[in-house]
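What follows is a single structure, written as structure tokens, with notes after it.
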Amino acid sequence: MSKELSTEPIVLSHEMMILDAFLKEGLDQSRMDEITNNLINDLLAELGMEKLGRLEIYPAADLRAPGWSFIQPITTSHISGHYFIEPDGNNPNIHMDFYSCKHFSWKQIIPIIDKHLALAKWHADFLYRKDVRAERSIWEISGEGAMVILDKRFGSN
């Protein structure tokens with residue numbers, strides 16, 4: 001079944017969020033598929049986005065910093081991430097990138113990640129660019145758990 005093309009003009013807004021976070025505790029490596037699937041499915045449902053392909057999950061190649069990486073292609077780009085515990089066995093981390101040509105709110109993302117991964121301290125940058133000629137807006141965001149402590153915007157759109 002082929003999809004019909006819309007006659008409405010397409011409006012692209014290139015938006016990217018880069019998140020670096022510590023987690024309150026390490027994740028269960030034996031549940032990496034379940035944890036990642038649940039996280040991605042909730043994110044896509046909340047953001048109104050659709051999968052373009054299958055979710056790919058890869059265990060860490062260097063077991064001195066155990067964890068896993070993942071990428072979910074979406075119709076408007078991708079969501080990717082890397083979870084790991086530092087070599088000393090402490091400080092579980094998640095690093096995630098969200099990129100979409102469809103508008104999304106970073107304020108929707110943080111509570112979902114906290115629900116699934118139990119965020120400790122985190123920092124994120126959110127970049128909005130309408131097209132290559134437009135000025136960019138950048139938000140510097142940080143917090144702990146689902147709470148936002150800093151929300152500072154630079155530039156204008």
Side-chain angles (χ1 to χ4, degrees), residues 1-6 8 10-63 65-86 89-130 137-151:
M1 172 183 249
S2 64
K3 292 186 178 182
E4 291 185 31
L5 292 177
S6 172
E8 297 292 317
I10 189 166
V11 177
L12 300 177
S13 64
H14 305 278
E15 299 180 19
M16 179 184 292
M17 180 174 165
I18 303 162
L19 173 71
D20 301 305
F22 290 110
L23 304 182
K24 291 178 182 173
E25 56 186 55
L27 302 175
D28 182 351
Q29 181 89 18
S30 70
R31 294 182 51 234
M32 71 178 176
D33 289 347
E34 175 189 352
I35 291 167
T36 308
N37 270 295
N38 290 341
L39 172 63
I40 292 296
N41 289 337
D42 277 3
L43 284 167
L44 294 178
E46 177 66 26
L47 299 173
M49 296 180 176
E50 297 178 28
K51 293 179 180 182
L52 179 61
R54 69 179 187 86
L55 172 62
E56 296 184 36
I57 305 170
Y58 303 97
D62 188 341
L63 297 181
W68 64 87
S69 298
F70 58 91
I71 185 163
Q72 174 62 68
I74 57 176
T75 56
T76 55
S77 195
H78 72 276
I79 299 171
S80 63
H82 181 66
Y83 162 75
F84 68 96
I85 296 177
E86 292 181 0
N90 294 312
N91 298 321
N93 291 258
I94 188 74
H95 301 278
M96 293 184 72
D97 296 341
F98 304 81
Y99 184 89
S100 179
C101 294
K102 176 184 184 273
H103 171 71
F104 69 93
S105 171
W106 61 264
K107 293 178 182 179
Q108 295 172 278
I109 291 173
I110 297 300
I112 294 170
I113 295 173
D114 183 51
K115 171 185 158 187
H116 287 275
L117 306 180
L119 293 172
K121 290 186 178 182
W122 55 269
H123 179 87
D125 295 300
F126 183 85
L127 172 70
Y128 171 85
R129 63 179 185 250
K130 183 125 178 148
S137 294
I138 301 170
W139 283 263
E140 181 180 354
I141 316 150
S142 61
E144 189 164 343
M147 182 174 65
V148 175
I149 297 169
L150 172 70
D151 173 3

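- The nearest pair of heavy atoms linking I85 to G26 is CD1-CA, 4.3 Å.
- The environment of K51 atom NZ is dense: over 12 non-hydrogen atoms of other residues, nucleotides or ligands sit within 6.0 angstrom.
- Taking CG of D114 as the start and CD1 of I109 as the end, the distance is 13.5 Å to the nearest 0.5 Å.
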For residues 115-123, please give each side-chain donor-acceptor pair under 3.5 Å, one per line with the distance, not counting sequence neighbours.
residue, atom, partner, partner atom, Å
K115, NZ, D42, OD2, 3.0
H116, NE2, D42, OD2, 2.6
W122, NE1, G145, O, 2.9

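- Annotation: side-chain hydrogen bond (donor to acceptor under 3.5 Å, both in side chains) contacts of E140 (sequence neighbours excluded): none.
- Shown here are the side-chain hydrogen bond (donor to acceptor under 3.5 Å, both in side chains) partners of Q108, two or more places apart in sequence or in another chain: E46.
- No side-chain donor-acceptor contact under 3.5 Å links K102 to the backbone of T75.
- Contacts of Y83 classified as ring-ring contact (aromatic ring centres under 6.0 Å, His included), with partners at least two apart in sequence or in another chain: W68.
- Listed by chain and number, the residues in a side-chain hydrogen bond (donor to acceptor under 3.5 Å, both in side chains) with H103 are E15 (sequence neighbours excluded).
- Minimum interatomic distance between V148 and L150 (heavy atoms only, all atoms of both residues): CG1-O, 3.5 Å.
- By the side chain to side chain contact (heavy atoms under 4.5 Å, CB included) test, D33 is found to be paired with N37, I57, residues two or more places apart in sequence or in another chain being considered.
- Once rounded to the nearest 0.5 Å, the distance linking CD1 of I141 with CG of D125 reads 7.0 Å.
- Between atom CZ of residue F98 and atom CZ of residue F104 there is a gap of 7.5 Å, rounded to the nearest 0.5 Å.
- Remark: F70 CZ to I40 CD1 distance equals 5.0 Å, nearest 0.5 Å.
- Atom-to-atom distance recorded for H82:NE2 and M96:CE is 12.5 Å, nearest 0.5 angstrom.
- For E34, the salt bridge (charged side-chain N to carboxylate O under 4.0 Å, His left out) test picks out R31, with sequence neighbours left out.
- Partners of D62 by salt bridge (charged side-chain N to carboxylate O under 4.0 Å, His left out), not counting sequence neighbours, listed by chain and number: R64.
- P59 is linked by a side chain to side chain contact (heavy atoms under 4.5 Å, CB included) to Q29, M32, counting only residues two or more places apart in sequence or in another chain.
- Distance check: Y99 OH to M16 CE gives 6.0 Å after rounding to the nearest 0.5 Å.
- Among residues two or more places apart in sequence or in another chain, the side-chain hydrogen bond (donor to acceptor under 3.5 Å, both in side chains) test is passed with D97 by none.
- E86 pairs by the side chain to side chain contact (heavy atoms under 4.5 Å, CB included) definition with F22, F84, D88, N91, N93, not counting sequence neighbours.
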